[in-house]
Amino acid sequence: MGARLKRWLFLVHRWLGIGICLLFAMWFVSGIVMMYVGYPKLTEEERLAHLPRLQADAPLLAPARALAAAGIAGPLDELRLAASSAGRPVYVATPARGDVPAGRKPPPRGNGAIVIDAVSGQRLGAVDEAHAMATAAAFAGPRVKRDYLGTIDEDAFTHSRALDPHRPLHKVELGDAERTLLYISSRSGEVVRDATRSEQLWNYAGAWIHWLYPFRGNAFEAYWTDIVNWLSILGIAMALTGTVVGIMRWRFRKPYRSGARTPYPQAMMRWHHITGLLFALVTITWIFSGLMSMNPWRIFDTGAPPLRMAALQGGPLVLTDADAAPQALLAASNGKVRELRWTRVLGENRVLAQAAAGAPQVMGSHDGRAAILDATALVDAASRLLPAPVARIEQLRDYDLYYYARDAHTMTGGGMKPLPILRIVFDDPHATWVHLDPHTGALLGRLDSGKRTSRWLFAMLHSWDWLPLLERRPLWDLVLIVLSLGGTLLSVTGVVIGWRRLGRKLREARPAIIVGAPRGEPAG
């Protein structure tokens, strides 16, 4: 290797390392925190657990009457009923949005939703302080003290774009043991996020710093994605050049005169050299996979066509007088229902009666009787979701590499992952897989070649979402903590070395400034 190239390797690694090693250290430490405390979210399980039960004797309008009173005549994507707004039962109607291509995210839940009082049929207007406080009381319980903190557009715990349809958010602090913050939609009056005190505090050492959220919600907002991407790319360059330099300086055969394999007598340099060789691969892997989590420049978007959801639904969701009133549906249920949800599957309106936990009851929308989907008809309808032949159909009774559950606090956790499910594998140019819940007929997800590649380059490499390891905790914890601590040691020694060198350079430059000061003027 030429002397000029070697010099450039040293210089690139040295000067990138002075700034980026500090960022690396923060990423490693915050990554350990995120193994146990994630960014605040309101999981489906939490949301349902805090909803009051729907009462069968309540004077609730039938869905068609409520929609007519609110002036809604068009087809819907979804209709749900819950006592979720100021403790009162409301219908939340989501007008039909059409199909969403695979390469684009669907609009956030609540986008375009219309909230209707289930007793009067009136549309909900602007949510004021009294309404928000009533929602908080229903969520927390009447005996829990509540302090109204005003409205915010965005703060450290509400950067998620899924909350955009609900902004500005009413902010309420509960007087419970955790001093929980509730964020309430100004549009629907529902709680859309909660954050306990422990989540708030740990997030400043975890997700908030790990995801570089100091650059969110301020003048840097428009540049946040580019900042994360380019810092990751510079970090990869720094780690790669350091790896090359480290291998070049290590004596694999004949040791140096000191008897050591490393040429550095100073403790910091020696430890940096050794930890660099031991943890360089995992460091590069984690920085690269972190970059992949951003889907930089949309490299995982395949441009796949939208699914033909009409084939699975068998027509639009339109509620008529033939659809039973909530009282009849609740009377036919198990009596523990927190939410009713109307959907369209295989040409019929269905109602999902959801308790606080477990799978929902599937009921006929007209009579409230238990409904069992025809598996053959469901598969036949699913095969028409794309204009391509079906390569195979699989039934998953256990989780696998592409369909699995994570802890609720993790980035991909908190969603419902029922079993068993159906996997429809299409023989299309994008190698599309579709996951269906045979119990409800719901579309659980779609994976094309781009998303499966992202699963390997991000989830697998970054958080080690590998079932044989995840299922053997605390082995998973031990492996990730040891590797993270090794990366932290590598980064911290790099910070110390870099800043010592920078300080030395500055001290060397200062005498030159003094000597060169113009005569008659003070030096310094």
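Along the sequence shown, residues are numbered consecutively beginning with 1. On a predicted model such as this, the values are computed, not experimentally measured, just so you know.
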message: If we count only N and O atoms by modelled type, under 3.5 Å, do the side chains of Ser186 and His166 hold a donor and an acceptor together?
response: no
- line: Minimal heavy-atom distance between Val92 and Ala113, with the atoms involved, is CG1-CB, 3.8 Å
Lys171 and its side chain to side chain donor-acceptor pair (under 3.5 Å) partner, picked from Thr158, Asp147, Asp155: Asp155
message: Could you tell me if Asp323 and Ser365 have a donor-acceptor pair between their side chains, going purely by distance under 3.5 Å?
response: yes
message: Counting C-beta onward and ignoring hydrogens, is there a side-chain heavy-atom pair between Leu444 and Ile421 closer than 4.5 Å?
response: yes
message: Taking Arg197 first and then Glu199, would you say they form a salt bridge - that is, a charged N and a carboxylate O separated by under 4.0 Å?
response: no
- prompt: Would the Tyr399 and Tyr404 ring centres measure less than 6.0 Å apart?
  reply: no
message: Quick check for you: to the nearest 0.5 Å, what is the distance between Ile116 atom CD1 and Ser188 atom OG?
response: 12.5 Å
- prompt: With distance as the sole test, does Arg167 use its side chain to make a donor-acceptor pair with the main-chain N or O of Asp153 at under 3.5 Å?
  reply: yes
message: Distance check, rounded to the nearest 0.5 Å: Leu352 atom CG versus Glu78 atom CD?
response: 8.5 Å
message: Assess whether a salt bridge exists between Glu190 and Arg80, defined as any Lys/Arg side-chain N lying under 4.0 Å from an Asp/Glu carboxylate O.
response: yes
- prompt: Is there a donor in the side chain of Gln361 and an acceptor in the side chain of Ser333, or the other way round, less than 3.5 Å apart?
  reply: no
message: When you compare the side chains of Asp437 and Thr440, does any donor N or O come within less than 3.5 Å of an acceptor on the partner?
response: yes
- line: d(Arg350 CZ, Leu317 CG) to nearest 0.5 Å is 12.5 Å
- prompt: Does Ala195 offer a backbone N or O that forms a donor-acceptor pair with the side chain of Lys41 under 3.5 Å?
  reply: no
field: Sidechain-backbone polar pair: Thr180 side chain, Asp176 backbone, donor-acceptor under 3.5 Å
entry: no
Closest contact, heavy atoms only, Phe279 versus Gly487: CG-N, 4.2 Å
- prompt: Does the Arg146 side chain pair with the main chain of Val144, one donor and one acceptor, at a distance under 3.5 Å?
  reply: yes
query: For the side chain of Thr410 and the backbone of Arg406, is there at least one donor-acceptor N/O pair under 3.5 Å apart?
result: no
field: Residue pair Trp433 / Tyr403, side-chain donor-acceptor N/O under 3.5 Å
entry: no
Aromatic ring proximity Tyr204/Phe157, centre distance under 6.0 Å: yes
query: Is the closest basic N to carboxylate O distance between Arg473 and Asp407 below 4.0 Å?
result: yes
- prompt: Which pair of non-hydrogen atoms, one from Pro89 and one from Leu81, has the smallest distance, and what is that distance?
  reply: CB-CD1, 4.2 Å
query: Of the non-hydrogen atoms in Gly235 and Phe24, which two are nearest, and what is the gap between them?
result: O-CZ, 3.4 Å
query: Do Leu79 and Thr94 touch side chain to side chain, with heavy atoms closer than 4.5 Å?
result: no
message: What I want to check is whether the side chains of Asn203 and Tyr39 have a donor and an acceptor closer together than 3.5 Å.
response: no
statement: Rounded to the nearest 0.5 angstrom, the CZ-CD1 distance for Arg123 and Ile114 is 4.0 Å
- prompt: Has the side chain of His435 got a donor or acceptor atom that lies under 3.5 Å from a matching backbone atom of Gly445?
  reply: no
query: Of all heavy-atom pairs between Trp27 and Ser232, which one has the smallest distance, and what is that distance?
result: CH2-OG, 4.0 Å
message: Keeping Thr135 on the side-chain end and Ala86 on the backbone end, is there a donor-acceptor pair under 3.5 Å?
response: yes
query: Distance only, no hydrogens: is a donor on one side chain within 3.5 Å (strictly under) of an acceptor on the other, for Glu154 and His159?
result: yes
message: If we ignore hydrogens and angles and just use 3.5 Å, is the side chain of Asp400 paired with the main-chain N or O of Leu396 as donor and acceptor?
response: no
- line: Nearest heavy-atom contact between His439 and Pro360 is NE2-O, 2.7 Å
query: Is Glu173 salt-bridged to Lys145, cutoff N-O under 4.0 Å?
result: no
- prompt: Would you find a donor on one side and an acceptor on the other, under 3.5 Å apart, between the side chain of His210 and the backbone of Ser30?
  reply: no
Please report, to 0.1 Å, the donor-acceptor pairs under 3.5 Å made by any side chain of residues 49-70, with sequence neighbours excluded.
unit_1 : atom_1 : unit_2 : atom_2 : d
His50  : ND1    : Glu46  : O      : 3.0
Gln55  : NE2    : Arg53  : O      : 3.4

query: Looking just at side-chain N and O atoms, do His409 and Tyr36 make a donor-acceptor pair shorter than 3.5 Å?
result: no
